[in-house]
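Notes for the one structure printed next.
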Protein chains: 2
Amino acid sequence: MSLPHAILTALLEKPSSGLELARRFDKSIGYFWSATHQQIYRELGKLEQAGLIRALPSDAPTRGQKKEYEVLPAGRAELTAWTARAEDPKPIRDPLLLRMRAAGVVGVQGLEAELRRHLALHRQQLATYTEIEERDFPPERDTEEDRLRHLVLGGGIELETFWTTWLAKALAQVEEMTAGEGGAPAA
Amino acid sequence: MSLPHAILTALLEKPSSGLELARRFDKSIGYFWSATHQQIYRELGKLEQAGLIRALPSDAPTRGQKKEYEVLPAGRAELTAWTARAEDPKPIRDPLLLRMRAAGVVGVQGLEAELRRHLALHRQQLATYTEIEERDFPPERDTEEDRLRHLVLGGGIELETFWTTWLAKALAQVEEMTAGEGGAPAA
DNA sequence: TGCTTCATGTAATCTGTTACATGATTCA
DNA sequence: TGAATCATGTAACAGATTACATGAAGCA
């Protein structure tokens with residue numbers, strides 16, 4: 001139930017069309033809530049139906065034509081309420097951790113390459129975030145919005161830092177295993 | 001595409017019925033891949049259809065009767081292949097980070113309580129993992145499977161550690177904001 | 001005119017969630 | 001017998017993914 005709120009937030013920051021939103025979901029907002037353009041169009045339809053947003057009146061509202069949306073008061077109210085609503089964190093659900101566990105049962109062949117690849121991807125993501133931090137958040141930030149955005153970005157940076165250090169450690173151990181024996185589980 | 005592999009892994013560790021699997025998904029495997037019993041039953045049906053697992057022949061295979069499954073060679077092969085398959089990490093998708101961002105736009109009222117609640121939940125989860133580590137992983141572990149399982153658990157511990165420290169920091173800043181002003185965004 | 005890009009959308013499918021139905025077993 | 005629990009399952013829906021369809025605008 002977070003996609004509609006992600007869209008409301010993005011639209012409050014700046015009224016946009018569906019495709020513009022999709023592009024912003026590839027950056028900025030998308031760094032912690034991803035969505036495809038199909039999801040976005042569908043959700044825009046629902047939000048409009050529900051009276052939380054409306055299309056800006058324009059000359060040509062047909063297919064293939066740009067269609068911009070803005071948030072209505074009801075939409076802002078819903079977003080405000082959601083900010084304070086009790087919602088439990090979801091349990092961890094990570095395919096890579098699961099694969100490590102599976103490797104314990106069927107052997108570690110091929111796992112090393114995957115760990116290496118993931119490590120590279122996370123390092124890259126970490127570099128991207130760090131760049132953004134240096135560019136957008138100079139030491140003297142003052143507005144509340146800036147501080148919250150910086151906190152969120154900091155969360156992303158620390159998460160990627162966790163993954164790079166954990167993957168490096170895991171890789172070292174798996175390398176040892178692969179070197180040591182044929183790859184069959186030792187149990 | 002991870003649920004079938006989670007089930008294969010669990011069944012290789014120990015042939016089980018649907019409900020037994022569901023229970024194990026509330027512990028152990030479920031610490032990094034959760035699933036409800038409905039998902040599990042549906043998936044067991046598919047896996048059996050596909051010839052990756054089979055029901056252990058028993059006297060009474062009716063409704064309400066326990067039905068145990070074991071992994072067939074094709075299932076083990078599929079799991080082995082999956083372990084080495086290239087699969088990119090999914091982008092971060094976290095509702096709490098999103099809510100912080102939304103709070104930057106509509107104000108931080110009510111957010112503090114949620115942060116506090118999440119902090120408590122993550123601390124509890126961290127304590128649970130740490131207990132398991134102390135109980136199940138004494139210093140002299142030797143089999144490959146043990147080492148991999150310990151790595152996975154370590155990942156969970158470090159993830160929860162990240163959340164507790166990040167949430168504590170976020171909470172401190174949001175407290176400051178709530179104390180300072182009425183809660184309206186400062187932009 | 002035809003190619004490319006921008007933009008909106010439909011359809012099908014898969015995954016996950018919630019609520020409920022039903023049979024078997026145990027034990028008071 | 002009747003209540004509680006164990007166990008398997010159905011149904012309906014919500015959310016996410018993938019592939020494809022279609023129209024508009026710019027430009028060579």
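All heavy atoms count here, side chains included; hydrogens, waters and symmetry mates do not. Throughout, a chain's letter reflects where its sequence line sits, starting with A, and its residues are numbered from 1. Keep in mind that this is a model prediction, so the values were computed, not measured.
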B:Lys14/B:Glu68 salt bridge by N-O under 4.0 Å criterion: no
Validation: residues 44-56 of chain A side-chain donor-acceptor distances under 3.5 Å, sequence neighbours left out:
unit_1: A:Arg54; atom_1: NE; unit_2: A:Glu70; atom_2: OE2; d: 2.7
unit_1: A:Arg54; atom_1: NH2; unit_2: A:Glu70; atom_2: OE2; d: 2.7

side-chain N/O A:Lys46 vs D:dA14 OP1/OP2, d < 4.0 Å: no
Between P of D:dC13 and CZ of A:Arg42, the distance in whole Å: 16 Å
Electrostatic pair A:Glu175:A:Arg116 at N-O distance under 4.0 angstrom: yes
Distance-minimising heavy-atom pair for A:Ser34 and A:Phe25: C-CD2, 4.3 Å
Polar side-chain atom of A:Thr178 near backbone of A:Val174 as donor-acceptor pair, under 3.5 Å: yes
Interatomic distance, B:Glu43 CD vs C:dT15 P [rounded to whole Å]: 7 Å
Qualifying salt bridge (Lys or Arg N to Asp or Glu O under 4.0 Å) pairs with a residue from residues 86-106 of chain A, counting only residues at least two apart or across chains: A:Asp88-B:Arg117, A:Arg99-A:Glu114, A:Arg101-B:Glu13
Length of the NZ-C1' vector between B:Lys67 and D:dC6, whole Å: 16 Å
Rounded interatomic separation in angstrom, taking CE from B:Met1 and C1' from C:dC14: 10 Å
B:Thr165 side chain vs B:Thr161 backbone, donor-acceptor pair below 3.5 Å: yes
Residues in contact with DNA chain D, drawn from residues 21-40 of chain B - heavy-atom cutoff 4.0 Å: B:Arg23, B:His37, B:Gln38
Separation of C:dA7 P from A:Leu44 CG (nearest whole Å): 14 Å
Selected nucleotide, minimal atom distance to A:Tyr41 side chain, candidates D:dT17, D:dG9, C:dT8: C:dT8
Degree of bending in the helix from C:dT1-D:dA28 to C:dA28-D:dT1 once both end axes are built from five pairs, to 10°: 10°
d(CD, A:Glu68; C1', C:dT8) in whole Å: 14 Å
Donor-acceptor pair under 3.5 Å, A:Arg93 side chain vs C:dG16 base: no
Whichever of B:Lys90 and B:Leu19 has its nearest DNA chain D nucleotide further upstream toward 5': B:Leu19
Length of the CG-P vector between A:Asp88 and C:dT18, whole Å: 11 Å
Closest non-hydrogen atom pair between A:Tyr129 and B:Ile92, with its separation: OH-CD1, 4.0 Å
Contact list (N/O, under 3.5 angstrom) for nucleotides 3-5 of chain D vs protein:
none

Salt bridge flag under 4.0 Å for residues A:Arg123 and A:Glu160: no
B:Trp166 side chain to A:Val152 backbone, donor-acceptor under 3.5 Å: no
Separation of D:dG9 C1' from B:Lys66 NZ (nearest whole Å): 17 Å
Audit row: B:Lys169, A:Glu158, salt bridge (Lys or Arg N to Asp or Glu O under 4.0 Å) steps and yes/no: CA-CA 12 Å; B:Lys169 182 168 41 169; A:Glu158 285 170 44; 2.8 Å; yes
Candidate nucleotides C:dG9, D:dA7, D:dA16, ranked by approach to the side chain of A:Leu3 - the nearest: D:dA16
Selection residues 84-128 of chain A - residue pairs positive for ring-ring contact (aromatic ring centres under 6.0 Å, His included), sequence neighbours left out: A:His122-A:Trp163
